[in-house]
Protein chains: 2
Amino acid sequence: MEPHPDEFGQQVSHFQEVLKRAGVKQTHQRLEIFREVMQTVEHPDAETVYRGVRQRIPTISLDTVYRTLMLFTDLGLISSLKTSHERMRFDANMHAHHHFVCTECGMIRDFSSPEFDALAIPDAVRAFGSTVQAHVEFRGLCWHCLEKKQHGT
Amino acid sequence: MEPHPDEFGQQVSHFQEVLKRAGVKQTHQRLEIFREVMQTVEHPDAETVYRGVRQRIPTISLDTVYRTLMLFTDLGLISSLKTSHERMRFDANMHAHHHFVCTECGMIRDFSSPEFDALAIPDAVRAFGSTVQAHVEFRGLCWHCLEKKQHGT
DNA sequence: GTACGTGCAAAGAATTTGCAGCCAG
DNA sequence: CTGGCTGCAAATTCTTTGCACGTAC
């Protein structure tokens, strides 16, 4: 899971290739932000990345970190665990249940599945802590967004 | 999944009982906010609940809706799909993977599982749209938070 | 050299809080 | 009656944007 030190060279080559292909410039800041996110297994927020990079580039600004993380997300170099300005949402269904999420419009629908409720906990997960609940999320496009896409092109 | 109209009476009884047990007052606003969240299957945000309730209580304010939704969450009447002021977080792992999440400190760790990647899609989910990806999240407490709890009490 | 990137400061969006009057118990 | 609840407005927090200068290509 954690990248071996000698993998980093490869990752940088990939990084450079992706930037070049996208026609964006390779800057000192971008490389250091990339390094910072690659080096950790902690899913950092922008502020955390900022603090890390600032040790190597003391003049970097937080908004550059934000802009760069967005750029990397758009280029598929990293992913973000929640989309920007995503709001708090509430759920009245208090029974164990799982979700279908439309990645286009944000639609969420519940479904229940005793099978998923009782998913076996892998050893790798036991190593992290004690699990209380398994939650499965299927991500894709809802029919409405699928139709819109087809008519669009 | 969608509550039957005649179930609503029961839900209100439960609502009243929970409020009474917690020693908080039952107000017009609280009942209408509860009704609004119960009536939908859409996992609304605070703004959406506000718009709905305002049709019945035009003078209600958005911050009352926020405070009430938080109260209901604390009382276990509803749940929230992301915790308050949760920040954007970034993930450098671009391979298919799943998460362990500590509900106490927010720690997230990756693990991979070909088995979970290929989870069979239930018919109920097919009805919602076309699934691209299955993602499993195990929620619980990490060892660090577990230890803290034990020492605490 | 030129267009893209950066840092600064200020704006924006979502959520929270302080306070004074109001109403459920 | 009285403390908890509400509505108002202003504060906070996280994230985004406009602009002038700097730098990779």
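To find a chain, count down the sequence lines: A is the first, B the second, and so on, and within it residues start at 1.
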TODO: Run the salt-bridge test on Glu42(B) and Arg89(A) with the 4.0 Å N-O cut-off and return the result as yes or no.
DONE: no
Which nucleotide wins on minimum distance to the side chain of [X], given the candidates [options]?
| X | options | result |
| --- | --- | --- |
| Tyr66(A) | dT6(D), dT6(C), dT15(D) | dT15(D) |
| Asp63(A) | dT23(D), dT16(D), dA24(C) | dT16(D) |
| Arg67(B) | dC5(D), dG7(C), dC8(D) | dC8(D) |
| Met70(B) | dT16(C), dT16(D), dA24(D) | dT16(C) |

TODO: Please work out if Arg30(B) contacts a base, only the sugar-phosphate, or nothing of the nucleic acid, heavy-atom cut-off 4.0 Å.
DONE: sugar-phosphate
Check the distance between [N]'s [atom2] and [X]'s [atom1] and give it to me in whole angstrom.
| X | N | atom1 | atom2 | answer |
| --- | --- | --- | --- | --- |
| Met88(A) | dT16(C) | CE | C1' | 11 Å |
| Tyr50(B) | dT6(D) | OH | P | 14 Å |
| Ile57(B) | dC23(C) | CD1 | P | 13 Å |
| His28(B) | dC23(C) | NE2 | P | 12 Å |
| Leu62(A) | dT6(C) | CG | P | 14 Å |
| Lys25(A) | dA3(C) | NZ | P | 10 Å |
| Lys20(B) | dG25(C) | NZ | C1' | 10 Å |
| Phe90(A) | dT15(C) | CZ | C1' | 10 Å |

TODO: Please state whether the rings of His97(B) and His43(A) are parallel, tilted or perpendicular, taking 30° and 60° as the class boundaries.
DONE: tilted
- [ ] Measure up the Phe111(B) and Phe138(B) rings against each other and bin them: parallel (under 30°), tilted (30 to 60°), perpendicular (over 60°).
- [x] tilted
Under-4.0 Å side-chain N/O to phosphate OP1/OP2 contact, [X] with [N]:
| X | N | result |
| --- | --- | --- |
| Ser61(B) | dG7(D) | yes |
| Thr27(B) | dA24(C) | no |
| Gln29(A) | dT6(C) | yes |
| Thr64(B) | dC5(D) | no |

TODO: Measure distances between side-chain N and O atoms of Asp45(A) and base N and O atoms of dC14(D), and say whether any donor-acceptor pair falls under 3.5 Å.
DONE: no
Open item on the list: Does atom NZ (Lys82(B)) have a neighbourhood of more than 12 heavy atoms from anything else shown, all under 6.0 Å?
Closed with: yes
Task: Glu47(B) side chain near Leu62(B) side chain, heavy-atom distance below 4.5 Å - done: yes
- [ ] Between Gln26(A) and Lys82(A), just flag the one whose closest nucleotide in DNA chain D comes earlier from the 5' side.
- [x] Lys82(A)
